[in-house]
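Each chain gets a letter, A, B and so on, in the order its sequence line appears, and its residues count up from 1.
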Amino acid sequence: MRITQLISKTLREDPPEAETASHRLMLRAGLIHQVAAGVYAFMPLAWRSVRKIESIIREEMDAAGSQELLLPSLQPMELWEQTGRRAAFGDNLFSLEDRRGRSMVLAPTHEEVITNIARANVQSYRDLPVILYQIQTKFRDELRPRAGLVRVREFAMKDAYSFNADEESLEQSYQAMAQAYRNIYRRCSLPVLMAEADSGAIGGKDSHEFILPTPTGEDTVITCPSCGYTANAEKAVGAHAGSAKEKPKAELLPLSEVSTPGVKTIAELAEFLEIPEAQTLKAVFYSADDQLVFVTIRGDLEVNEIKLKNLLRCNELRLATDEEVTQAGLVAGSASPIGIQDIKRVADPSISSGSNFVVGANKPDTHLRNANYPRDFQVDCLSDIALAQPGDMCPHCSARLEAIRGVEVGHIFKLGTFFSETLGALFLDQNGQQHPMLMGCYGIGVGRLLAAAIEQNHDDRGIVFPTPIAPYQVQLVGLNLTDERVKEAAEQLYQELWDQGIETLYDDRTEAAAGVKLNDADLLGLPLRLVVSPRNLNNSVAEIKGRQETEAQLVALDQVVAEVQRRLSQ
RNA sequence: CGGGGCGUAGCGCAGCCCGGUAGCGCACCUGCAUGGGGUGCAGGGGGUCGUCAGUUCGAAUCUGACCGCCCCGACCA
């Protein structure tokens, strides 16, 4: 490919809207073009990378014994109502009407359709296991697209679905997919962490996320530097500092009121009374599918809304509004679990990890000292709903946990039988007994993988493409192409490289200054750069340099192709 | 949906307060020079000023409504 034939241009300056490195560099290098919020066109260079990533994914999926197929994106709404996922996805579901007024969905994922395909084609345990996959565009009307290709509304995704007769077989499929994922990341030069993850409200047992660590990531994983325990913060279990094991229970003192004028927050309360935050209990109010829930947790901890949502089995969970709280007769800032009866009460076990806590009195400007569970109040449900924090103790080895930000570049689930039961995907076992198939699903975002690869592999000059996913392997730069000798030599090299099957991008611009060309080469970041110039030509050499090397190597012109081949095969 | 910001040439921005010929940089076109890290000089093309309505002799500028985009939060199989 010749740069003079390429449609996209590079930008000299950083696009101001781009906050993350991958977004900024992809715009500057002319890889992507935004069409709407969270909707991007892939320009020719990026598309070459995407196709390489897809090839890697296909190779690993096929090697793991799964088969590719193609599924429709346009699906009837009824399918989504059958499984209840119209409500589960809510406004994230893109929907439309056809000319007859039938409601249709632009599929955000394909479990419903694939399960129906399994139902129609699998009748016997002899047909199992089977793993199917697709690489297709999916649609999700995200509240807020961001960071270029990281969170978008239309995106290519590889989704694989396994159908198994029993748990053991499901575990095998799950492990095969996990290994395929590790292979894919390795080939894309992505050092990912495999983290235990929340499996969502609908069924599911095991679930793991693959996280690429980066400070600009939108996910947080909690990890143990000692034993390697790694989990998404939504899922992670941490033993909080100052919990019961460390502190023997003090003698329970009688409840007493204390005046706390103007004190609203836990921080203010702790400061006012000169006690640690862990010596208080915090009240938080949620609306779970429009039912008010009173949550109590130790003052220094935060509520993990995912855990709470799973516990309550609700579709929509949000903080209650001030009106809802007041209407329920609660006093925000001084709310108390003591004396609450008509409201659903949920608490974290941390409320019994000490004694003689300070809580609200449900009277303005007043709190109570020496509250103790269960002496002074009861709850409907006591369950771990706390957000794990760095500094907590690892549940496996008791080392201190750390927090890492990252981008989710893959997610695998054991779905269980939710879809197969709901949609009737049944099979007969050896004994003629009918069972729902066990299912797993395994997703990887293709565009996000490209963004993650750039996020991980760049420097202050531009992208540093990993060779397997670089749009081209070599950037051939001709300096001063008005010099006929240079032009001839460069053209000849260009021809020879392609003759040897080496994907080469040739900067054949005659008018661009040397600095422009060299900077563009660094920005695009192909693995190897070849420079042909009058200076080199006088000595019958060309210059070869790896993207991350500081010194170029001089190679005799007739040895250049061999040297390129040698370097690329390393 | 809450908070903040922005829509003027392909991109980045000024002009708007104080209404009166639409401007700058990059990019693009022509010519000459230059030729190893975003080079110089000269000339040139390109804009329904987001949309609609209103005020006015006259609106990029004032008023109103709507639309879109970005950032933070909530959300995220």
Side-chain angles (χ1 to χ4, degrees), chain A residues 7-20 23 27-28 30 33-39 83 85 88-93 107-112 138 140-148 150-153 155 157 159 161 197-204 207-209 218-219 232 234 286-287 305-306 309-310 315-319 321-322 407-408 410-416 418-419 439-445 448 461-462 477-483 486 509-523 529 531-537 543 545 552:
Chain A
I7 177 155
S8 53
K9 291 195 179 69
T10 55
L11 300 175
R12 180 182 293 205
E13 285 163 32
D14 281 339
E17 75 273 18
E19 301 271 309
T20 61
H23 189 195
L27 286 171
R28 267 197 69 196
H33 172 85
Q34 183 173 6
V35 173
V39 179
T83 54
R85 293 172 100 214
F89 267 95
D91 288 338
N92 267 12
L93 201 61
T109 174
H110 288 74
E111 281 85 1
E112 279 79 358
K138 313 229 169 181
R140 292 180 195 174
D141 198 357
E142 297 286 350
L143 283 169
R144 193 160 84 76
R146 77 180 102 184
V150 171
R151 180 159 295 277
V152 287
R153 298 193 296 169
F155 55 99
M157 182 156 165
D159 251 335
Y161 307 92
D198 178 63
S199 52
I202 298 173
S207 172
H208 288 86
E209 280 178 1
E218 47 184 8
D219 282 309
N232 190 298
E234 296 169 349
Y286 284 92
S287 167
E305 296 186 4
I306 302 292
K309 192 172 173 181
N310 290 341
N315 277 324
E316 189 209 25
L317 182 74
R318 57 174 171 80
L319 283 171
T321 61
D322 291 346
V407 175
E408 176 189 353
H411 202 157
I412 60 177
F413 294 82
K414 287 185 184 173
L415 291 171
F418 174 80
F419 291 98
M439 290 175 58
C441 79
Y442 316 91
I444 213 170
R448 185 183 278 191
R461 306 196 64 82
V477 179
L479 297 185
N480 195 1
L481 289 173
T482 48
D483 183 330
V486 178
R509 291 175 292 183
T510 51
E511 72 289 357
V516 172
K517 291 185 166 193
L518 296 174
N519 279 314
D520 274 353
D522 287 343
L523 176 60
R529 188 188 79 186
V531 175
V532 178
S533 66
R535 191 169 85 188
N536 289 332
L537 216 51
E543 186 179 294
K545 186 178 97 59

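Taken to the nearest 0.5 Å, the CZ atom of A:Arg12 stands 10.0 Å off from the CZ atom of A:Arg28. Here A:Met439 contributes atom CE and A:Phe418 contributes atom CZ; the two are 10.5 Å apart, rounded to the nearest 0.5 Å. Atoms CG and OG, on A:Leu27 and A:Ser8 in that order, are 11.5 Å from each other to the nearest 0.5 Å.
Spacing of C1' atoms, B:U56 relative to B:C1, comes out at 39 Å, to the nearest Å. With C1' as the reference atom, B:G47 and B:G10 are 12 Å apart, rounded to whole Å. Comparing B:C26 with B:C62, their C1' atoms sit 33 Å apart, to the nearest whole Å. On the C1' atoms, B:A14 is 14 Å away from B:A9, given to the nearest whole Å. Comparing B:C67 with B:U51, their P atoms are spaced 15 Å from each other, to the whole Å. Between the C1' atoms of B:G46 and B:C41, the separation comes to 23 Å (whole Å). Comparing the same atom, C1', in B:A65 and in B:C24 gives a spacing of 33 Å after rounding to whole Å. A distance of about 36 Å separates the C1' atoms of B:U34 and B:U8, rounded to the whole Å.
Base pairing annotation: B:U61 forms no Watson-Crick or G-U wobble pair, as no partner gives both donor-acceptor distances under 3.5 Å. Base pairing of B:C32 is made with B:G40, judged by Watson-Crick or G-U wobble geometry with both donor-acceptor distances under 3.5 Å. Base pairing annotation: B:G2 forms a Watson-Crick or G-U wobble pair with B:C72, both donor-acceptor distances under 3.5 Å. Summarising the base pairing, B:C16 is matched to no nucleotide, lacking a Watson-Crick or G-U wobble pair whose two defining distances lie under 3.5 Å. Under the Watson-Crick or G-U wobble criterion, with both distances below 3.5 Å, B:G7 is paired with B:C67. Base pairing of B:A27: no nucleotide in any strand meets the Watson-Crick or G-U wobble criterion (both distances under 3.5 Å). Across all strands shown, nothing is found opposite B:U21 as a Watson-Crick or G-U wobble partner with both distances under 3.5 Å. When both distances must be under 3.5 Å, the Watson-Crick or G-U wobble mate of B:G46 does not exist.
Taking atom CZ of A:Arg85 as the reference point, atom C1' of B:C76 lies 13 Å away to the nearest angstrom. Note: CD (A:Glu209) to C1' (B:C76) measures 10 Å, nearest angstrom. To the nearest angstrom, P of B:A74 lies 12 Å from CZ of A:Arg151. Summarising the geometry, the separation between CD on A:Glu408 and P on B:A77 is reported as 8 Å, rounded to the nearest angstrom. A:Ile7 has its CD1 atom 11 Å from the C1' atom of B:G10, to the nearest Å. One atom, NZ of A:Lys9, and another, P of B:G10, lie 12 Å apart when rounded to the nearest Å. Between the NE2 atom of A:His33 and the C1' atom of B:G10 there is a distance of 10 Å, rounded to whole Å. Atom CE of A:Met157 is separated from atom C1' of B:C76 by 12 Å (rounded to the nearest Å).
Side chain of A:Asn519 to main chain of A:Gly515: a donor-acceptor pair is present (N/O by atom type, distance under 3.5 Å, no hydrogens or angles). Side-chain atoms of A:Arg448 come within 3.5 Å of backbone atoms of A:Glu408 as a donor-acceptor pair (strictly under, hydrogens ignored). Panel note: side chain A:Glu142, backbone A:Arg144; no donor-acceptor pair is recorded below 3.5 Å. A:Lys545 contributes no side-chain N or O that, together with a main-chain N or O of A:Val531, makes up a donor-acceptor pair within less than 3.5 Å.
Counting only heavy atoms from C-beta outward, the side chains of A:Arg509 and A:Leu481 never approach each other to under 4.5 Å. Taking 4.5 Å as the limit, some side-chain heavy atom of A:Asn480 sits within range of a side-chain heavy atom of A:Thr482. The side-chain heavy atoms of A:Arg529 and A:Leu518, taken from C-beta on, include a pair separated by under 4.5 Å.
Qualifying side-chain hydrogen bond (donor to acceptor under 3.5 Å, both in side chains) partners for A:Arg153, counting only residues two or more places apart in sequence or in other chains: A:Asp141.
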Protein within reach of the bases, or only the backbone? For nucleotides 29-51 of chain B, mark each nucleotide 5' to 3' as B, S or -, using heavy atoms under 4.0 Å. ------BBBBB------------
Check nucleotides 69-73 of chain B for protein N or O atoms closer than 3.5 Å to its own N or O atoms and list the pairs.
{"residue": "B:C69", "atom": "OP1", "partner": "A:Ala37", "partner atom": "N", "Å": "2.9"}
{"residue": "B:C69", "atom": "O3'", "partner": "A:Gln34", "partner atom": "NE2", "Å": "3.3"}
{"residue": "B:C70", "atom": "OP1", "partner": "A:Gln34", "partner atom": "NE2", "Å": "2.7"}
{"residue": "B:C72", "atom": "OP2", "partner": "A:Arg144", "partner atom": "NH1", "Å": "2.8"}
{"residue": "B:C72", "atom": "OP2", "partner": "A:Arg144", "partner atom": "NH2", "Å": "2.5"}

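Of the residues near RNA chain B, A:Asp14 and A:Glu218, the one whose nearest nucleotide (by heavy atom distance) lies more toward the 5' end is A:Asp14.
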